[in-house]
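All heavy atoms count here, side chains included; hydrogens, waters and symmetry mates do not. Counting begins at 1 with the first residue of the sequence. Predicted model, so just to flag it, every value in this text is computed and none were measured.
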Amino acid sequence: VLELKNKEIINTNLALEKAVMLIKTNPKGNIIYANQKYCELTKYKANSLMGRPLFYNTKGLSESVIYDHIKSDTNKRKVWQGEVFDTSSDGTEFCLDVTLFPIIDKDDTLYEYLVICSNITKRKLAEKELAKITEQRFINQDLEQKIRSKSIIEGQEVERKRMAIEVHDGLGQMLTALKFTCEAMEPENKQSIKLVNNMKHLLQDVIVETRRISSDLLPTVLN
């Protein structure tokens, strides 16, 4: 039975080795083991990774966010899961989905961490590209809306200008001509004189109002 269980453990370890990136660290987070998949991704040889801080080879040589967990007295004995951005030895960027398991011995002592990683670089790049496409789509939609609004306003201005010209050149000139006609009239009695004068004043008021409407239809700012 013991031999069978040992064989199952060995098979499970082999499956893990092939399926995921596997790292072990001491309680301080320094690497004590890294499998082949992790070495291939980071382009480091296994022996050159020994003793190095976990995910330390990032641009700027700063500690990984995972150390906020490892150095916390409150959290260091808990499982941590998150995304880590890192770079390989040649500067190639990659992103890992990381789960860190604290290993506790029978004396309740934390003696190492088991770190399981999966490469999510392609997914993150796809998400970034999708975000760019979505942003560009919103920009295009906003631009199209502005163009439509501008076209509507320009159409309204053209129509206002046309109406203003028709009112000024059409109705306005006809009223002016009618006023001149009234001024040329020679009434024969006082009653007719009064009627013609009233008509002149009324026509003058109508002409002023027509000019005002024409001006309002085509304000100076449009000109």
Side-chain angles (χ1 to χ4, degrees), residues 1-140:
V1 177
L2 183 60
E3 183 180 349
L4 181 61
K5 287 188 175 180
N6 286 336
K7 188 175 180 180
E8 287 179 355
I9 292 171
I10 291 170
N11 289 335
T12 301
N13 288 338
L14 287 172
L16 277 172
E17 286 278 346
K18 292 181 179 180
V20 297
M21 283 167 275
L22 197 62
I23 312 164
K24 291 181 181 179
T25 77
N26 62 19
K28 293 182 179 180
N30 296 322
I31 297 173
I32 57 176
Y33 169 80
N35 73 348
Q36 186 62 30
K37 284 182 71 70
Y38 183 73
C39 292
E40 289 173 357
L41 178 67
T42 60
K43 297 181 175 64
Y44 282 97
K45 292 181 179 180
N47 58 0
S48 67
L49 288 170
M50 297 303 101
R52 290 173 62 93
L54 187 62
F55 309 129
Y56 189 74
N57 55 328
T58 54
K59 287 183 177 179
L61 299 178
S62 58
E63 281 188 343
S64 168
V65 65
I66 204 168
Y67 280 92
D68 292 338
H69 180 85
I70 291 174
K71 292 180 178 181
S72 170
D73 291 333
T74 305
N75 298 319
K76 65 182 180 181
R77 298 170 70 88
K78 299 178 182 178
V79 175
W80 181 89
Q81 198 280 327
E83 295 178 358
V84 173
F85 291 90
D86 207 346
T87 54
S88 62
S89 61
D90 64 358
T92 304
E93 295 181 349
F94 59 85
C95 184
L96 299 176
D97 184 54
V98 177
T99 305
L100 178 140
F101 298 93
I103 308 299
I104 312 295
D105 64 15
K106 62 180 181 180
D107 297 322
D108 198 35
T109 301
L110 172 63
Y111 72 94
E112 69 179 24
Y113 287 104
L114 177 64
V115 185
I116 297 176
C117 313
S118 58
N119 190 351
I120 57 171
T121 306
K122 290 183 179 179
R123 191 191 81 194
K124 299 303 290 186
L125 288 173
E127 289 175 356
K128 187 176 181 180
E129 186 63 26
L130 180 61
K132 285 173 63 178
I133 292 172
T134 303
E135 182 183 5
Q136 188 60 47
R137 185 179 296 145
F138 281 124
I139 291 172
N140 291 342

Practice item. Say whether, by atom type as modelled, one donor and one acceptor occur between the side chain of Thr121 and the main chain of Cys95 under 3.5 angstrom. Key: yes
Check your understanding: Out of curiosity, Leu130 CG to Leu125 CG, how far, rounded to the nearest 0.5 Å?
Key -> 12.5 Å
Check your understanding: Gln81 and Asp97: side-chain contact (heavy atoms from CB on, under 4.5 Å), yes or no, with the steps?
Key -> CA-CA 8 Å; Gln81 198 280 327; Asp97 184 54; 2.6 Å; yes
Check your understanding: Are any of the side-chain heavy atoms of Val65 and Trp80 separated by less than 4.5 Å?
Key -> yes
Practice item. Determine the minimum heavy-atom distance between Lys37 and Val20, stating which atoms define it. Key: CD-O, 3.5 Å
Revision key, fill the gap. Interatomic distance, CG@Leu41 vs CD@Gln36, rounded to 0.5 Å, equals 11.5 Å
**Study point:** Met21 versus Ser118, closest heavy-atom pair with distance
**Key:** CE-C, 3.9 Å
**Study point:** Heavy-atom closest pair, residues Ile31 and Pro53
**Key:** CD1-O, 4.2 Å
Exercise for review: Find out whether Glu127 and Ile120 are in side-chain contact, i.e. whether some heavy atom of one side chain is under 4.5 Å from a heavy atom of the other.
Suggested key: no
**Study point:** Residues Glu83 and Arg123 bridged, charged N to O under 4.0 Å
**Key:** yes
Check your understanding: Taking all atoms of both residues into account, what is the closest heavy-atom pair of Tyr113 and Lys76, and its distance?
Key -> OH-O, 2.7 Å
Practice item. Any chance you could measure Leu54, atom CG, to Asn26, atom CG, to the nearest 0.5 Å? Key: 10.0 Å
Check your understanding: Where do Ser88 and Tyr44 come nearest, in terms of heavy atoms and distance?
Key -> C-CE1, 4.3 Å
Check your understanding: Hey, what do you get for CD1 (Ile66) to CG (Leu96), rounding to the nearest 0.5 Å?
Key -> 10.0 Å
Check your understanding: Can you check side-chain contact (heavy atoms from CB on, under 4.5 Å) on Ile116 and Leu22, steps first, answer last?
Key -> CA-CA 5 Å; Ile116 297 176; Leu22 197 62; 3.6 Å; yes
Check your understanding: Taking all non-hydrogen atoms of both residues, which atom of Leu100 and which atom of Ile70 are closest, and how far apart?
Key -> CD1-CD1, 4.0 Å
Point to revise | side-chain hydrogen bond (donor to acceptor under 3.5 Å, both in side chains) between Thr109 and Asp107, worked out | key: CA-CA 5 Å; Thr109 301; Asp107 297 322; 5.4 Å; no
Review point. Does a donor on one side chain sit under 3.5 Å from an acceptor on the other, for Thr92 and Asp90?
Key: yes
Exercise for review: Output the distance between atom CZ (Arg77) and atom CD1 (Ile103), rounded to the nearest 0.5 Å.
Suggested key: 11.5 Å
Point to revise | Audit row: Ile104, Leu110, side-chain contact (heavy atoms from CB on, under 4.5 Å) steps and yes/no | key: CA-CA 5 Å; Ile104 312 295; Leu110 172 63; 3.9 Å; yes
**Study point:** Heavy-atom neighbours of Lys124 NZ exceed 12 at 6.0 Å
**Key:** yes
Practice item. Hey, can you tell me if Phe55 and Tyr38 have their rings parallel, tilted or perpendicular (30° and 60° cut-offs)? Key: perpendicular
Practice item. Would you give the length of the straight line joining atom NZ of Lys24 to atom CG of Asn30, rounded to the nearest 0.5 angstrom? Key: 16.0 Å
